[in-house]
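Heads up: numbering here begins at 1 and tracks the sequence. Here the structure is a predicted model, which means the values were calculated and not measured.
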Amino acid sequence: MRCLVGTQPVTTEIIVRRQLALAGVPHDELDAAIADLDERITYSTSLNFAARDTRDWARAVQLPTFLYGVHDDVLSEPGDLQAMFDSLDTDDKRLAWLYDTPARWDGYLEFQRRPEPMLAWFAEHMS
C-alpha cells in the first residue's frame with residue numbers, strides 16, 4: 001500500500017456510549033451500562049473496549065493518510081477522530097471535516113458527492 005484514506009474511523013467505546021445515550025439510557029447509568037457491555041463483549045470476543053481503541057492503533061500507521069469525518073456527528077465526538085489523526089506516525093497526513101450536518105451517513109456519502117479531495121490524495125501518492 002502506498003497511502004490510505006480513512007472515512008470516519010471511530011473508537012468503539014465512544015460510538016457505543018453515544019448510541020446508548022440516544023437509545024435513552026440515563027446519563028447517570030451510562031458508565032454501568034458500558035461496563036456491563038464491555039464485559040459481555042470481552043466474554044464473546046476476548047477483546048474489551050480498551051483493546052479495540054483505534055486511537056492506539058493509529059500509532060502504528062506510517063503511510064500517508066487522509067482522514068475525514070462529520071465534525072458534529074451525533075454518534076461520535078470530534079476529539080476522537082482528532083486523536084487518531086494526531087497519533088498517526090507520519091508527517092504526510094491530512095484531516096478534513098464535514099460541517100453543517102449531524103448525520104454520520106453524510107460522511108460515508110462524501111466520496112460520492114465530492115470525490116475531488118480524495119482523488120487528488122490518491123493521484124499525489126499513487127503515481
Pairs involving residues 107-127, ordered by first then second residue, that meet salt bridge (charged side-chain N to carboxylate O under 4.0 Å, His left out) (sequence neighbours left out): Asp106-Arg113, Glu110-Arg114
Gap between atom CD of Glu39 and atom OG of Ser44 - 0.5 Å precision: 10.5 Å
Nearest heavy-atom neighbours spanning Asp86 and Lys93: O-NZ, 3.6 Å
Same apolar cluster (I L V M F W Y, side chains within < 4.5 Å links), Trp105/Leu98: no
Walk me through whether Ile34 and Val16 qualify under side chain to side chain contact (heavy atoms under 4.5 Å, CB included). CA-CA 8 Å; Ile34 290 291; Val16 168; 3.9 Å; yes
Once you round to the nearest 0.5 Å, how far does CG of Leu4 lie from CH2 of Trp121? 9.5 Å
To check you understand the geometry: which heavy-atom pair defines the closest contact between Phe49 and Asp38, and what is its length? N-OD1, 2.7 Å
Nearest atoms (heavy-atom pairs only) where His125 meets Pro64: CD2-CB, 3.4 Å
Between Ile15 and Ile41, is there shared hydrophobic-cluster membership here, with clusters defined by ILVMFWY side-chain heavy atoms closer than 4.5 Å? yes
Could you walk me through whether Thr7 and Phe111 pass side chain to side chain contact (heavy atoms under 4.5 Å, CB included), step by step? CA-CA 9 Å; Thr7 307; Phe111 183 81; over 6 Å; no
Once rounded to the nearest 0.5 Å, what's the spacing between atom CG of Leu88 and atom CD of Gln62? 10.5 Å
Minimum heavy-atom distance Gln8-Gly69, with the two atoms named: CG-CA, 3.5 Å
For Thr45, check side-chain hydrogen bond (donor to acceptor under 3.5 Å, both in side chains) against everything at least two apart and list the hits. Arg52
Hey, quick one: are Tyr108 and Leu119 part of the same hydrophobic cluster, counting side-chain heavy atoms closer than 4.5 Å, chains of contacts allowed? no
Evaluate the ring planes of Tyr68 and Phe66, with Trp represented by its six-membered ring, and classify them as parallel (under 30°), tilted (30 to 60°) or perpendicular (over 60°). perpendicular
More than 12 heavy atoms of other residues, nucleotides or ligands under 6.0 Å from CH2 of Trp97: is that the case? yes
To the nearest 0.5 Å, how far apart are OG1 in Thr42 and CG in Leu37? 9.0 Å
Would you check if Cys3 and Met126 make a side-chain contact, meaning some heavy-atom pair closer than 4.5 Å? yes
Do you know which two heavy atoms are closest between Pro9 and Leu67, and how far apart they sit? CG-CD2, 4.0 Å
Closest non-hydrogen atom pair, Gln19 against Leu75: CG-CD2, 3.7 Å
Is it true that, when you exclude Asp28 itself, more than 12 heavy atoms of the residues, nucleotides or ligands shown sit nearer than 6.0 Å to its CG? yes
How about OH on Tyr43, more than 12 heavy atoms from neighbouring residues, nucleotides or ligands closer than 6.0 Å, or not? no
For the pair Thr11 and Met84, evaluate side chain to side chain contact (heavy atoms under 4.5 Å, CB included) and give the outcome as yes or no after the intermediate values. CA-CA 9 Å; Thr11 301; Met84 282 180 232; 3.7 Å; yes
Is the backbone N or O of Val10 less than 3.5 Å from a side-chain atom of Thr54, with the two atoms forming a donor-acceptor pair by type? yes
Same cluster or not: Met1 versus Val5, using hydrophobic residues (I, L, V, M, F, W, Y) connected whenever any side-chain heavy atoms lie under 4.5 Å apart? no
Kindly indicate whether the side chain of Val70, heavy atoms from C-beta on, has any atom under 4.5 Å from the side chain of Arg104. no
Rounded to the nearest 0.5 Å, how far apart are CG of Leu47 and CG of Asp53? 12.5 Å
Straight-line distance of Arg55 CZ to Gln82 CD, nearest 0.5 Å: 12.5 Å
